[in-house]
**Q** 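Can you keep this structure in mind? I'll have questions shortly.
Along the sequence shown, residues are numbered consecutively beginning with 1.
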Amino acid sequence: MQSLPACKHFLRGRCLYADRCGFPHVAPPPSAAPAAPAAPAAAAEAALACQRLHARLQDLRLASAPRDDLSRAIAELEAARAHLRALPRPRASRFAARARLSNHEKAGALRHFLEETYGAESLSAGSGVLDVAGGQGGLAFELLNLVGCRVTVVDPRPLQLAPFERKWQKLRRSHEGAGRSGREEAAALEDDVVAATSRRVHLEWQRAAARQPHPAAPAHFPMRWEEKLYQLVVEGKRRVADEADARAAPPLPAGFAPLVEELAEQAERLAWTSKGLVATGGEERQSLHAAPGVSADGSRRVDAHSVWTTLSDASAVVGMHPDGATEAIVDFALATGKIFAVVPCCTYSDDFPHRVDASGRRVTSYDSLIRFLKSKAPDKIGVHQLPFEGKNLVVYSLPIALGTLTCGDCGPVDSSESLQNPA
């Protein structure tokens, strides 16, 4: 009987299955002397040889050389590249020795927090959850397919759901551990909270994929989350609250549809780079208008009425590392009375010079940003640490705020009574 290979995750330092893993946790035998780093001259010479062979191949292609000559040139180039890859190299950076952060399940950690803090029913109310600056759509994908609440991503970049769909199908074909609960598995790893959370998320994906063959895709509004967009919604909600029922969706103002069209056009000209979202220039502007209401890729632009209704009736506003949209999420949620939870990352102090704390000092650090956000409503905002490494503090609206709560059906309610006599 052929023996199983050693667990690759254990060899890398951590296996989320612990003693339940189906592969042996055996340390590899000590190897001989480690390979010495290649001399810089040898690596440079091999790289130069690759460049020369590549240039020669290009010349042959331009000269319409015979196929046999091209095949030999390609084989020589591939052999030179393989030789270059095989050379041991010293570390290219002093940062290469840093331990990798265990934050690959950060979306699952925030999803757990939202579900346990507010409940699936509250998150699914109205038009569902707004995931601002949702990036690829990982958090929205989990909220929709694992919690069952409606989600809309607001981000100028197109969603990239292919990795999550591949993971879904891969776990659907896996049956190991399908009968165990996530909490039982987490208890087995309670000494490592990060690993326990990752294992629990993994099993939740596995069970959800077994129930549903094909995952659903969240809705997407391709635009930036800007103040001029949500401020119209805030003003509309206030106007409706003064005139009639605060729970009703405010009517669509005259200037909202052109604003949505403008933001959609701006999103088409944005590109994600190492410096964040940058404009690609105005030279492509003419190509964006192949037909009215049609994007450059041929898809229909987002409907202004859908944007207005979704923003007005959303139950919650969330953001996982939303960059420059962090403060705007909190401001919109506080102004409209919506649930919110945001995990800040970078401070972007140069883009927001107006941010100052109570002492008048500018907000330039992560800790000062957390304090600045909480100071907007100290009695309504809490801070909690999520179980993953890195920037893991979530700033969120407390489920029961101090003072007086407003119940849409019963009127004002004393929060102290609600705490003493929970439903």
**Q** Considering non-hydrogen atoms only, spot the tightest contact between P344 and L393 and give its length.
**A**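 Minimum heavy-atom contact is CD-O, 3.3 Å.
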
**Q** Checking the side chain of S375 only, and the main-chain atoms of F372 only, is there a donor and an acceptor separated by less than 3.5 Å?
**A**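 Yes; at least one donor-acceptor contact below 3.5 Å.
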
**Q** Which heavy atom of L87 sits nearest a heavy atom of A46, and at what distance?
**A** CD1-CB, 3.9 Å

**Q** Does any N or O in the side chain of S315 come within less than 3.5 Å of the main-chain N or O of G128, such that one atom is a donor and the other an acceptor?
**A** yes

**Q** Checking K228 now: which residues fulfil salt bridge (charged side-chain N to carboxylate O under 4.0 Å, His left out) with it, not counting sequence neighbours?
**A** E226, E262

**Q** Please assess V394 against V383 for the test side-chain contact (heavy atoms from CB on, under 4.5 Å), listing each intermediate value before the final yes or no.
**A** CA-CA 6 Å; V394 55; V383 179; over 6 Å; no

**Q** Whether the E105 and H202 side chains hold a donor-acceptor pair (N or O, under 3.5 Å, no angle test) is what I'd like checked.
**A**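 On atom types as modelled, these side chains do not qualify, holding no pair under 3.5 Å.
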
**Q** In Å and rounded to the nearest 0.5 Å, what is the CD to OG distance from E115 to S122?
**A**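 If I round to the nearest 0.5 Å, the distance is 11.5 Å.
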
**Q** Spell out, as yes or no, whether a donor-acceptor pair under 3.5 Å connects the side chain of S349 to the backbone of T364.
**A**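 No: the side chain of S349 does not pair with the backbone of T364.
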
**Q** Go through the steps for K106 and E142 under the test salt bridge (charged side-chain N to carboxylate O under 4.0 Å, His left out), then give the verdict.
**A** CA-CA 11 Å; K106 59 184 181 181; E142 291 200 20; over 6 Å; no

**Q** Would V129 and T152 count as a side-chain contact (heavy atoms from CB on, under 4.5 Å) here? Give the steps.
**A** CA-CA 6 Å; V129 178; T152 302; over 6 Å; no

**Q** Between S127 (side chain only) and A314 (backbone N and O only), is there a donor and an acceptor less than 3.5 Å apart?
**A**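 Yes, S127 side chain to A314 backbone: donor-acceptor pair under 3.5 Å.
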
**Q** Once you round to the nearest 0.5 Å, how far does CG of L143 lie from CG of L123?
**A**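 Here the rounded value is 7.0 Å.
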
**Q** Check the pair V154 / D131 against side-chain contact (heavy atoms from CB on, under 4.5 Å), numbers first and verdict last.
**A** CA-CA 6 Å; V154 183; D131 183 9; over 6 Å; no

**Q** Report the relative orientation of the aromatic rings in H384 and Y396; use parallel for angles under 30°, tilted for 30 to 60°, perpendicular for over 60°.
**A**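 Plane angle over 60°, so perpendicular.
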
**Q** Could you check whether any side-chain heavy atom of V318 comes within less than 4.5 Å of a side-chain heavy atom of L130, counting everything from C-beta outward?
**A**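 No, their side chains stay 4.5 Å or more apart.
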
**Q** Please check this pair: side chain of Q169 against backbone of P213, looking for a donor-acceptor N/O pair closer than 3.5 Å.
**A**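 Yes, because the side chain of Q169 sits within donor-acceptor range (under 3.5 Å) of the backbone of P213.
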
**Q** How would you list all residue pairs meeting side chain to side chain donor-acceptor pair (under 3.5 Å) that involve residues 209-218, not counting sequence neighbours?
**A** none

**Q** Taking all heavy atoms of P218 and all of L144, pick out the closest pair and write down the distance.
**A** N-CD2, 3.5 Å

**Q** For residues 351-362, which residue pairs pass the side chain to side chain donor-acceptor pair (under 3.5 Å) check, not counting sequence neighbours?
**A**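 Checked against side chain to side chain donor-acceptor pair (under 3.5 Å) - neighbours excluded - the pairs reaching residues 351-362 are E327-R355, D357-S359, S359-R361.
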
**Q** Just by distance, with hydrogens left out, do T309 and S312 show a side-chain donor and acceptor under 3.5 Å apart?
**A**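 T309 vs S312: no donor-acceptor pair found between side chains.
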
**Q** L334 and K376: which non-hydrogen atoms are nearest, and at how many Å?
**A**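 In this case the closest contact between L334 and K376 is CD1-CB, 3.9 Å.
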
**Q** What I'd like to find out is whether the side chain of F256 reaches to under 4.5 Å of the side chain of V307, using heavy atoms alone.
**A**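 F256 reaches V307 side chain to side chain.
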
**Q** So how far is it from N392 CG to Q385 CD, rounded to the nearest 0.5 Å?
**A** 4.5 Å

**Q** Any non-hydrogen side-chain atom of V395 less than 4.5 Å from a side-chain atom of I381?
**A** yes

**Q** What is the minimum heavy-atom distance between W308 and P253, and which atoms define it?
**A** CH2-CD, 3.3 Å

**Q** Are any side-chain N or O atoms of H25 and backbone N or O atoms of C7, one a donor and one an acceptor, separated by less than 3.5 Å?
**A** no

**Q** Do C15 and C21 come close enough that some side-chain heavy atom pair is under 4.5 Å?
**A**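 Side chain of C15 against side chain of C21, heavy atoms only: contact under 4.5 Å found.
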
**Q** Find the distance between CG (L311) and CG (L229) and round it off to the nearest 0.5 Å.
**A**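 Going from CG on L311 over to CG on L229, the span is 5.5 Å.
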
**Q** About how many Å separate CD of Q58 and CG of L77, when rounded to the nearest 0.5 Å?
**A** 9.5 Å

**Q** Report the distance from atom CZ of R111 to atom CG of N145, rounding to the nearest 0.5 Å.
**A**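 Separation between the atoms: 10.5 Å.
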
**Q** Do the rings of W225 and F332 sit parallel, tilted or perpendicular, given the 30° and 60° boundaries?
**A** perpendicular

**Q** Less than 4.5 Å apart, any side-chain heavy atom of P5 and any of F23?
**A** yes

**Q** Check the pair L159 / F141 against side-chain contact (heavy atoms from CB on, under 4.5 Å), numbers first and verdict last.
**A** CA-CA 10 Å; L159 300 182; F141 185 91; over 6 Å; no

**Q** Taking the side chain as C-beta and beyond, is there a heavy-atom pair between E165 and P215 under 4.5 Å?
**A**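 They are in side-chain contact.
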
**Q** For the residue pair F388 and H321, categorise the inter-ring angle as parallel (less than 30°), tilted (30 to 60°) or perpendicular (more than 60°).
**A**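 Geometry flag for H321 against F388: perpendicular rings.
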
**Q** Which heavy atom of K391 sits nearest to which heavy atom of V343, and what is that distance?
**A** O-CG1, 3.5 Å

**Q** Does a side-chain N-to-carboxylate-O contact under 4.0 Å join R224 and E268?
**A** no

**Q** Please examine the side chains of V363 and F352, heavy atoms only from C-beta on, and report whether any two atoms are closer than 4.5 Å.
**A**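 Of all side-chain heavy-atom pairs linking V363 with F352, none is under 4.5 Å.
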
**Q** Are the side chains of S397 and K380 in touch, meaning some heavy atoms are under 4.5 Å apart?
**A**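 S397 vs K380: side chains apart.
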
